[in-house]
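Here the structure is laid out as structure tokens; the discussion comes afterwards.
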Amino acid sequence: MTRWLPRTARFAASAALLCAGAPALAGSHVFLVQNSGWMEPFYTDPASPFKPLVAEIVMAATRPGEPMVLAAFNQGVPGAPSPRALLSLKVDPVPTRRQVVGALAALEVARKPGSTALADTDLNEAVGSAIGTALGGKPGLVWLFTNNRNSPNNDQATALRNRDFYQLIHRGGAISKALAFPLQMPVQGAQYRANGLMVYVFAVGAQGARELDALLATGRLQQVITEPAARLKPLDRDTVRLVPRKVSDGPGVAFSMAPNGVLHADVDAEARTPSARIEWNLENTMYPYTIVSATLGARSVLGGENHPIELAGTQVSKLAPGKSAPLASTMQLPVGQLPGKWSMQAVTSAGSAYVVPGRIELQLSGQRLELSHAFRQRMATLFPGDPLPDIFTPPAQIDGSTAVLPIEVRVHYGLGPLVALIGAALALLGAAAAAVLAMARPRKAFVTVEDELRTMHARAGTTQPIYDKAGNKVAQLKTTLFGHQLIDLREGAQVRLGR
């Protein structure tokens, strides 16, 4: 269970983050820098790169318009609250390196009030205060710089306290995503020495997870921390990745992966193959965990159609992080949903592509994970004697995971139907124009009245009266696009068309 301080101590910890002018809801970034006794060599070694590293990470992570709080933490006690804000501002523009370096410059190893004893450490308190007070329960990112020794009240059972910290991460609903960066940093102090440092980043809320993903996508953080991130949470989704290698038995169909991670299925307009055999690389993206065993299942959701994907093999075993295994499958394509080449969708997409969005869902059930051997060795080197790798063990309730691969089926239509329709439209326009001209042009008609030949001029769509020699109306001449005709002919009148 997570350990919490007494109410007065919790209040002091909350107040500490506000004491430097950081209002509640202030930060989308909270940077927590440990300065308890265990951190002594990071502060007293003249060659320690600790503070410069913190400054570089702050500069890489923050951007204009993003509020931030930089705070030191150990364990809050009466008279010495923790965490304690060092710098708080709305990052517009971004904080200068001088501001961050200046805030860190005066930071030293903390001691207990009225004593020479070095301060203890409470990781749970620090993270809880950052989420509840500095972020005010709103989305954001909490960064934690620590030597990974959690020892509230000088508790020497650091393995147990680290498990408390692990429970906070995995069972706490506020944290949606958590990454850890174990870094090599050998330092020697007057009392202690250390080989490594751990940098954590906790995304609070779904929006916080999106912000973290967006930051990682920019590559700014990776320019400072070159080590891969160890994933702590989530362990039940996006654990593997499908990368297409080859398409067979699918003429007119080709697959490719876009830079944004979307799978493109390019389909020729004439292709009506109901399925395609695809060979993939199934890659483990869950560093530092090895997928010891799992059962695979997959389906596609495309164009309103939901179909299972037939897999050549349904078992995966001993798949190390970053490694891949071949996986063959047969996937049905939504040919029934694709518009014909004479459809309005095809015509409007001529020269480009008609896109049907969808996704491929991969389910791993009966999933067994374990830390990779290489990661255990690295942790043993960086944190000798620390039982931390044991508490990296995934929670017992994580026995399955899902991976979703966005896919776009893109049908490419030629310009032929569009050109034909344009030609037809032009022909209709030409015919209409000719009809208009024909309607407007006077037409000659010969009419014989009582043996007298008369020449009349009339436009299509008009009707003219015809009179005999005595001035009596004996008929009317109606003119159309197709000729002339006599109407309302008076009985006995001697009127006829022509000569």
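Along the sequence shown, residues are numbered consecutively beginning with 1.
- Ring-plane geometry between Trp143 and Phe31 is classed as parallel, the angle between the planes falling under 30 degrees on a 0 to 90 degree scale with a further cut at 60.
- Within a 6.0 Å radius of CD in Gln184, no more than 12 heavy atoms belonging to other residues, nucleotides or ligands are found.
- For Arg237, there are no salt bridge (charged side-chain N to carboxylate O under 4.0 Å, His left out) partners, not counting sequence neighbours.
- Atom CG of residue Leu296 and atom CG of residue Leu282 lie 6.0 Å apart, to the nearest 0.5 angstrom.
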TODO: Could you give me the CA-CA distance, side-chain angles and deciding distance for Ser82 and Gln75, then say whether side-chain hydrogen bond (donor to acceptor under 3.5 Å, both in side chains) is met?
DONE: CA-CA 6 Å; Ser82 174; Gln75 181 184 15; over 6 Å; no
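- In this structure Asp399 satisfies the salt bridge (charged side-chain N to carboxylate O under 4.0 Å, His left out) test with no other residue, sequence neighbours excluded.
- Every pair passing ring-ring contact (aromatic ring centres under 6.0 Å, His included) that includes a residue from residues 43-76 is listed here, sequence neighbours excluded: Phe42-Phe50, Tyr43-Phe50.
- For Arg97, the salt bridge (charged side-chain N to carboxylate O under 4.0 Å, His left out) test picks out Glu56, with sequence neighbours left out.
- The structure places CD of Gln315 at 8.0 Å from OG of Ser293, a figure rounded to the nearest 0.5 Å.
- Donor-acceptor pairing under 3.5 Å is lacking for the side chains of Thr402 and Glu361.
- Residues satisfying the side chain to side chain contact (heavy atoms under 4.5 Å, CB included) test with Asp213, not counting sequence neighbours, are Lys177.
- Atom CZ of Arg220 has more than 12 heavy atoms from other residues, nucleotides or ligands within 6.0 Å.
- For the atom pair CE of Met286 and CG of Leu369, the computed distance is 4.0 Å after rounding to the nearest 0.5 Å.
- Looking at every heavy atom in both residues, Val240 comes nearest to Leu364 through CG2-CD1, 3.9 Å.
- Minimum heavy-atom separation, Asn124 to Leu168: CA-CD2, 3.9 Å.
- To the nearest 0.5 angstrom, Leu302 atom CG is 5.0 Å from Ile407 atom CD1.
- How far CD1 of Ile360 is from NE2 of His307: 12.5 Å, rounded to the nearest 0.5 Å.
- The heavy-atom pair separating Val109 from Ser36 by the smallest distance is CG1-O, 3.6 Å.
- Expressed to the nearest 0.5 Å, how far OG of Ser129 lies from CG of Leu32 amounts to 8.5 Å.
- Between Arg193 and Asp45 no salt bridge is recorded (no basic side-chain N to carboxylate O distance below 4.0 Å).
- The shortest side-chain heavy-atom distance between Leu242 and Asn281 does not fall under the 4.5 Å cut-off.
- Considering only residues two or more places apart in sequence or on other chains, Glu227 meets the salt bridge (charged side-chain N to carboxylate O under 4.0 Å, His left out) condition with Arg378.
- In the model, Thr62 has no side-chain atom that pairs as donor or acceptor with a side-chain atom of Glu66 under 3.5 Å.
- Atom CD of Gln222 has more than 12 neighbouring heavy atoms from other residues, nucleotides or ligands inside a 6.0 Å radius.
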Practice task
Would you check, one step at a time, whether the test side-chain hydrogen bond (donor to acceptor under 3.5 Å, both in side chains) holds for Ser329 with Trp280?
Solution key: CA-CA 8 Å; Ser329 69; Trp280 311 85; 2.7 Å; yes
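- Ion pairing between Glu370 and Arg368 fails under the 4.0 Å rule for side-chain N and carboxylate O.
- In summary, the aromatic rings of Tyr200 and Phe202 are positioned with their centroids under 6.0 Å apart.
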